[in-house]
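None of these values were measured; they are calculated from a predicted model. Residue numbers start from 1 in every chain, and the chains themselves are labelled A, B, ... in the order their sequence lines are given, proteins ahead of strands.
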There are 2 protein chains.
Amino acid sequence: MNLSHRVLKAFVELAECRHFTRAAERCHLSQSAFSQLIQRLEQDAGVPMFVRNTRNVSLSAEGALFLERARRLIADMEMSVADLRDHATLRKGRVAVAALPSLAADVVPRAFARFHGKHPGVTLEIFDRLSDACLELVRQERVDFALTAPGPRLAEFQCRLLRSEPFFLVCSPAHPLARRRRVTLRELAGCEFVHMARNSSVRQHVDPLTAGAGVLESSIEIEQLATLAGLIANGLGVSLVPELTLFQFARRDLAVIPLDAPTLRRPLLLVQRKGAVLSAAAAELLAITEEFLARPMPRRKAVS
Amino acid sequence: MNLSHRVLKAFVELAECRHFTRAAERCHLSQSAFSQLIQRLEQDAGVPMFVRNTRNVSLSAEGALFLERARRLIADMEMSVADLRDHATLRKGRVAVAALPSLAADVVPRAFARFHGKHPGVTLEIFDRLSDACLELVRQERVDFALTAPGPRLAEFQCRLLRSEPFFLVCSPAHPLARRRRVTLRELAGCEFVHMARNSSVRQHVDPLTAGAGVLESSIEIEQLATLAGLIANGLGVSLVPELTLFQFARRDLAVIPLDAPTLRRPLLLVQRKGAVLSAAAAELLAITEEFLARPMPRRKAVS
DNA sequence: GTCAATTACGTTCTCCGTAAGGATG
DNA sequence: CATCCTTACGGAGAACGTAATTGAC
């Protein structure tokens with residue numbers, strides 16, 4: 001037996017108006033076709049659903065029983081399809097994103113705002129984590145995708161490079177290099193550095209660099225960019241940070257100088273589970289995010 | 001959009017084996033037909049359910065969402081149809097009957113026993129009431145049908161005569177008429193009567209009769225046949241009762257004599273709501289009941 | 001006699017299967 | 001190059017509509 005929405009609708013319609021001709025009209029069928037449809041339903045079910053002569057139509061006891069079921073089935077079907085379409089058209093849904101703190105602070109919120117304006121029915125979630133944690137969230141299927149830097153076991157994911165960004169030196173305005181328009185790696189020799197934690201993507205890119213430059217390294221290791229800014233502002237060292245983190249260092253008591261090292265750039269990746277396909281909502285959010293990533297971030301003026 | 005059981009099944013099958021060829025086999029379709037079926041589903045829904053290339057098939061985010069719904073819909077459909085068929089084939093159901101006490105005491109229980117033996121899944125209910133109450137139960141749709149005698153406002157029902165039964169005189173063995181093999185109405189003149197309540201069907205038939213016969217009437221009015229039997233056995237009067245009640249009077253201390261009044265018979269009716277049609281189970285129960293009504297009740301010997 | 005459901009019948013259209021086409025690993 | 005999904009196409013059967021038939025009031 002092959003119940004369909006059409007047949008159930010016809011059945012309920014007839015049960016309600018108890019009149020083949022009228023029910024047929026409501027179903028946009030000829031009266032004859034409608035009659036045959038009901039006959040097929042009864043034959044398939046093996047039960048007469050209606051008791052009828054040419055003058056009267058009424059539900060049989062079994063038909064009455066089935067009516068409740070049919071109504072519920074129709075409602076469930078319509079609900080399911082409506083829900084599906086709502087998700088496809090971004091009227092409903094949920095998108096969860098993992099992003100590096102630097103992205104979570106600015107690019108992602110702006111993308112969220114634009115997305116939410118267009119699709120207020122979709123729930124958005126963000127996890128601001130360091131790169132390892134971002135990858136773990138993808139692995140656990142807790143997020144649709146991650147915006148992060150390369151991390152361990154990257155091969156088990158499906159990745160795409162979204163952007164790579166240059167580094168900047170951040171130091172106190174009193175630092176010898178503070179007035180320079182650009183600095184090179186060599187010029188950093190002898191500087192005392194403060195670093196982000198080892199598992200931060202910034203650190204992982206800066207490490208090989210400073211190793212070659214023979215810089216002094218402090219033993220301080222931190223997780224928050226704001227902490228780093230506070231340390232540097234107080235003359236406890238300098239640091240190299242990628243472009244997207246600069247919003248944290250746009251302070252009167254900090255100097256920011258472009259690093260002249262074209263080969264050193266931090267890659268920002270889109271990371272998904274292998275074989276996974278983004279939902280319509282996630283794809284749209286990603287597209288918006290990429291727009292904001294592509295255009296250079298509006299630089300807040302760093303007052304020196 | 002017109003969801004059907006077939007399509008939902010195909011969808012779930014493909015979602016589970018993620019392989020068109022295998023899923024098609026399980027649905028007893030050619031691979032091509034199956035592919036087209038899925039394409040139609042996606043087109044109707046307006047959402048790609050699967051992400052596929054020639055090598056891999058997997059659910060899209062929206063497809064995964066729909067999968068749960070589809071499984072539930074399929075289960076509900078199958079459940080509904082199975083339930084319907086169970087009712088039609090008497091594997092499930094409920095039949096409620098209202099019957100006069102005289103029928104409820106013997107004919108109906110025997111019919112119930114036979115029916116229950118054949119269809120143990122069907123719940124049976126009986127209401128043993130006087131005729132007015134029987135009709136009221138039909139009116140309230142609390143019973144599928146009633147087996148009763150004519151009552152007030154009978155015209156609003158759909159009735160069929162099942163049987164009409166002769167009356168018998170019940171009296172004490174010490175009564176002057178107790179040894180007779182038959183009695184006529186005339187011979188009852190001067191007898192003191194005890195009656196069932198005015199709303200009992202027995203009374204309603206006996207009343208016009210005794211009115212013509214000029215019998216003495218007691219003011220006692222009762223509802224239970226057993227009470228009547230007790231009164232008569234103790235010499236407090238005689239009474240006329242229809243055949244099916246005789247099981248109550250088959251006692252050593254009572255005499256039962258056929259009444260010679262061929263025109264006086266109590267009709268037993270099948271009563272339903274107008275336009276109503278019996279369920280399969282009710283129809284079967286009625287058929288069995290009619291069998292037992294048709295064959296003369298096994299007479300228990302009345303010991304005089 | 002009229003209204004309404006069913007049946008008859010020719011037509012349309014959906015759906016299926018065979019076979020060719022094309023993409024992916 | 002083998003696998004496997006998609007497209008092409010012709011045919012079978014389901015479903016539809018018009019029209020005639022039957023049945024109830």
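The side chain of B:R55 lies closest to C:dG25, out of C:dG25, D:dT6, C:dC3. Taking only side-chain atoms of B:A33, from C-beta outward, the nucleotide of D:dA19, C:dC16, C:dA4 with the closest atom is C:dC16. Minimum atom distance to the side chain of B:Q36 is reached by D:dC9, of the listed D:dC9, D:dG17, D:dA24. Closest to the A:H19 side chain, of the nucleotides C:dA5, C:dC16, D:dG17, is C:dA5. Residue B:R40 has its side chain nearest to C:dC16 when only D:dC5, C:dT24, C:dC16 are considered.
Using a 4.0 Å cut-off between charged side-chain N and carboxylate O, A:R22 and A:E25 make no salt bridge.
Rounded to an integer number of Å, the gap from CG of B:L14 to P of D:dC4 is 14 Å. What separates CG of B:N56 from P of D:dT6 is a distance of 12 Å, to the nearest Å. To the nearest angstrom, P of C:dT14 lies 11 Å from CG of B:D44. Rounded to whole Å, atom P of C:dA5 lies 17 Å from atom CG of A:L41. Between the CG atom of A:L29 and the C1' atom of D:dT18 there is a distance of 15 Å, given to the nearest Å. Nucleotide D:dA15 holds its C1' atom 13 Å from the CD atom of A:Q39, rounded to whole Å. One interatomic measurement links the two molecules: CZ of B:F34 to C1' of D:dC4, which rounds to 13 Å at whole-angstrom precision. Here the C1' atom of nucleotide C:dC16 and the CD1 atom of B:I38 are 15 Å apart, to the nearest Å.
B:T21 has a side-chain polar atom (N or O) that falls below the 4.0 Å cut-off from OP1 or OP2 of D:dC5. Taking side-chain N and O atoms only, A:S30 has no distance below 4.0 Å to OP1 or OP2 of D:dC16. Side-chain nitrogen and oxygen atoms of B:T54 include none within less than 4.0 Å of the OP1 or OP2 phosphate oxygen of C:dG22. Side-chain N/O atoms of B:R52 include one lying less than 4.0 angstrom from OP1 or OP2 on D:dT6. Look at B:Q31 and you won't find any side-chain N or O under 4.0 angstrom from OP1 or OP2 of D:dT6. Between B:N53 and D:dC4 there is no side-chain N or O to OP1 or OP2 distance below 4.0 Å.
More than 12 heavy atoms of other residues, nucleotides or ligands sit less than 6.0 Å from atom CD of B:Q158. No more than 12 heavy atoms of other residues, nucleotides or ligands shown are found within 6.0 angstrom of CD on B:E68.
For the pair A:K92 (side chain) and A:T123 (backbone), a donor-acceptor distance under 3.5 Å is absent. When atom types are taken as modelled, the side chain of B:Q272 and the backbone of B:D144 share no donor-acceptor pair closer than 3.5 angstrom.
One cannot find a donor-acceptor pair under 3.5 Å joining the base of C:dT6 and the side-chain atoms of A:S32.
Among the atoms of the strands shown, only primed sugar atoms or phosphate atoms (P, OP1, OP2) are found under 4.0 Å from some heavy atom of A:R6.
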